[in-house]
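As the structure is a computational prediction, the values presented were derived from the model and not from experiment.
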Amino acid sequence: MTKPSQELLRSISDEHVLRTLMAARKLTRAELAIETGLSKPTVSESVRRLVESGLVADTGERTPGGRGKGRVGSFYSLAEDVGVALVMTIAPDGVTAECIDAYGDVAGRTHRPIASPAEVAAVLPAVAAEAVAAHHVRLCTVSAADPVDRRTGRLVHLPDSPFLVGELDPVAMLGPLLRGRVVVDNDVNWAAQAEHAALGIADFAYLFLGEGLGCAVVSDGEVRRGHSGLAGEISHLITAGPSGATPFIEVFGELGLRQNGSTAIDVARLRTADPVVLARAIGGVVMALVTLADPEVVVIGGSWGPSLLDAIRAECSRLPRQVDVVAASVASPSLTGARASALDLLRTALVTASR
C-alpha cells in the first residue's frame, strides 16, 4: 500500500485544526492537540501554516502560566477577515440578506420590503452590494419563492402557477459582485432541508401550502430535484375539487380563493373556507405522494397548511395507504435551510483555501 505523501498529511492535519477551531471558536495549541488527537508538534506546524495563510490568528489572549502552572499558552481562532457567506431570500414580502460567519453566527442582516415582483431586479443586487461592501463575502446561497432551473439557477414560470417573485437570473445578477459560487434553489427545497435536519428522517415529503403551492420529496436524506429541478411542482396534480377531478391549483379558483388577477392564493380569505373541502383536495395530493415516493412522514408547512392539520389527518386516515402527517417545526424554514447550506459551503471553502 502506498504511503500518503507529506503534503497530504499536512493537508489533513490543517483541515482537522481548522474545523476544530470552527467548532470551538478559540483554543490553545495544547487544547487543539487534545481535541484533534494530533501530536503537539503536528498541531504547532498546522497552526503556523494556517496563520501564514491568513486563515488563523493569535487572539492575543493567554492562559495563566508561571510559578508551577506550566507554560503560558496562546489562544488561536479564525482570522477576523477570513470571510462570510451571504444568504439571500426572495419572497413576495421582500428581499432578506444575512452574512453568516464560519462559526454560524449572523454577522449582519438586512431586509428590504418590495411592493411588486418588478422591484426585485433592482433590490436584489443593491442589497448584495451592501453586504459585499461591509464584509469579505466568499459565496452566496439564494432562496426564491418560485421554481428554479437547477442547471442555470434562473427562476421558471410554469403555466397557471403564481409567479411570486418574477423573471430573474440571480446567478447572473450576483455573480459579478462575488468571488465565489452563487447557489440558487426554491424556498420549498430549502425548507425541506431544514426539516430534514430537525426531524432526522431520511424519507419524507414536505408539502408547502401558502400563497403558492409546492412540495419537496426527500429520499435517502437528499432532496430530489428531477431533471430540470422542477420535481415537486404540484400545482397541476389532479385531485378532488368541488366539481370533481381537477388540477390542485384550480381547486382554489373554483372556491374563489385566489388573489385578484393571479393564481396566488388569498390566505386571509382561505381561512374562512370549508376546511373539509380543502382537506379533501390536499388528501388527493398526499395519496399521490405516498404512492410515488413512499415517505415515512408528510410534513405540512406554509402560511396556512398547518392550521388545517386535523382536517388533513382525518382525510388521510381514509387513504388506502397510511402515513404520518405532521406540522412543520422549523421557524423561517427556507432561510434556515439556505443558511445551513451556506455555512457548510463556507467551511468547505476555507478548508480548500488552506490547501
Discussion item. Among residues at least two apart in sequence or on other chains, which ones pass side-chain contact (heavy atoms from CB on, under 4.5 Å) with Ser303?
Written reply: Val267

Item to complete: Mind checking ring-ring contact (aromatic ring centres under 6.0 Å, His included) for Phe75 and listing every partner two or more places apart, or none if nothing turns up?
Response: none

Worksheet item: Would the number of heavy atoms belonging to other residues, nucleotides or ligands and lying under 6.0 Å from CZ of Arg271 be above 12?
Response: yes

Practice prompt. Apply side-chain contact (heavy atoms from CB on, under 4.5 Å) to Asp324 and list each qualifying residue two or more places apart in sequence or on a separate chain.
Written response: Val297

Discussion item. How about CE on Met22, more than 12 heavy atoms from neighbouring residues, nucleotides or ligands closer than 6.0 Å, or not?
Written reply: yes

Worksheet entry | Option from Thr141, Leu350, Ile100 for which side-chain contact (heavy atoms from CB on, under 4.5 Å) with Leu345 holds | Thr141

Discussion item. If the threshold is 4.0 Å, N to carboxylate O, is there a salt bridge linking Lys40 and Glu45?
Written reply: no

Worksheet item: Thinking salt bridges, do Glu222 and Arg224 make one under a 4.0 Å N-O criterion?
Response: yes

Worksheet entry | All ring-ring contact (aromatic ring centres under 6.0 Å, His included) counterparts of Phe204, not counting sequence neighbours | none

Discussion item. Applying side-chain contact (heavy atoms from CB on, under 4.5 Å), can you list everything that pairs with Thr246, at least two apart in sequence or on another chain?
Written reply: Glu250, Val251, Glu254

Worksheet item: With Val298, which of Val323, Val285, Ile282 fulfils side-chain contact (heavy atoms from CB on, under 4.5 Å)?
Response: Val323

Worksheet item: Which residue pairs pass the side-chain hydrogen bond (donor to acceptor under 3.5 Å, both in side chains) test with at least one member in residues 345-355, sequence neighbours excluded?
Response: Ser11-Arg355, Glu15-Arg355

Discussion item. Please find the pair of heavy atoms, one from Asp101 and one from Val84, that lie closest to each other, and give the distance.
Written reply: CA-CG1, 4.1 Å

Worksheet item: For residues Asp14 and Ser46, is any side-chain donor paired with an opposing acceptor at under 3.5 Å?
Response: yes

Worksheet entry | Residues, nucleotides or ligands: over 12 heavy atoms within 6.0 Å of Glu80 CD | no

Worksheet item: Going only through I, L, V, M, F, W and Y residues with side-chain contacts under 4.5 Å, is there a path from Leu257 to Phe208?
Response: no

Worksheet item: More than 12 foreign heavy atoms under 6.0 Å from CD of Glu7: is that the case here?
Response: no

Worksheet item: Are any side-chain N or O atoms of Asp105 and backbone N or O atoms of Ala107, one a donor and one an acceptor, separated by less than 3.5 Å?
Response: no

Worksheet entry | Ion pair check, Arg321 and Asp294, cut-off under 4.0 Å | yes

Worksheet item: Would a hydrophobic clustering, with Ile, Leu, Val, Met, Phe, Trp and Tyr connected at side-chain separations under 4.5 Å, put Val87 with Val137?
Response: no

Fill in: Side-chain heavy-atom pair Leu213, Ile249 within 4.5 angstrom cut-off
yes

Worksheet item: Are side-chain heavy atoms of Asn186 and Ser143 found at a separation under 4.5 Å?
Response: no

Worksheet item: Charged N to carboxylate O under 4.0 angstrom, Asp169 versus Arg154?
Response: yes

Worksheet item: Do we see a donor-acceptor contact under 3.5 Å between the side chains of Ser74 and Glu61?
Response: no

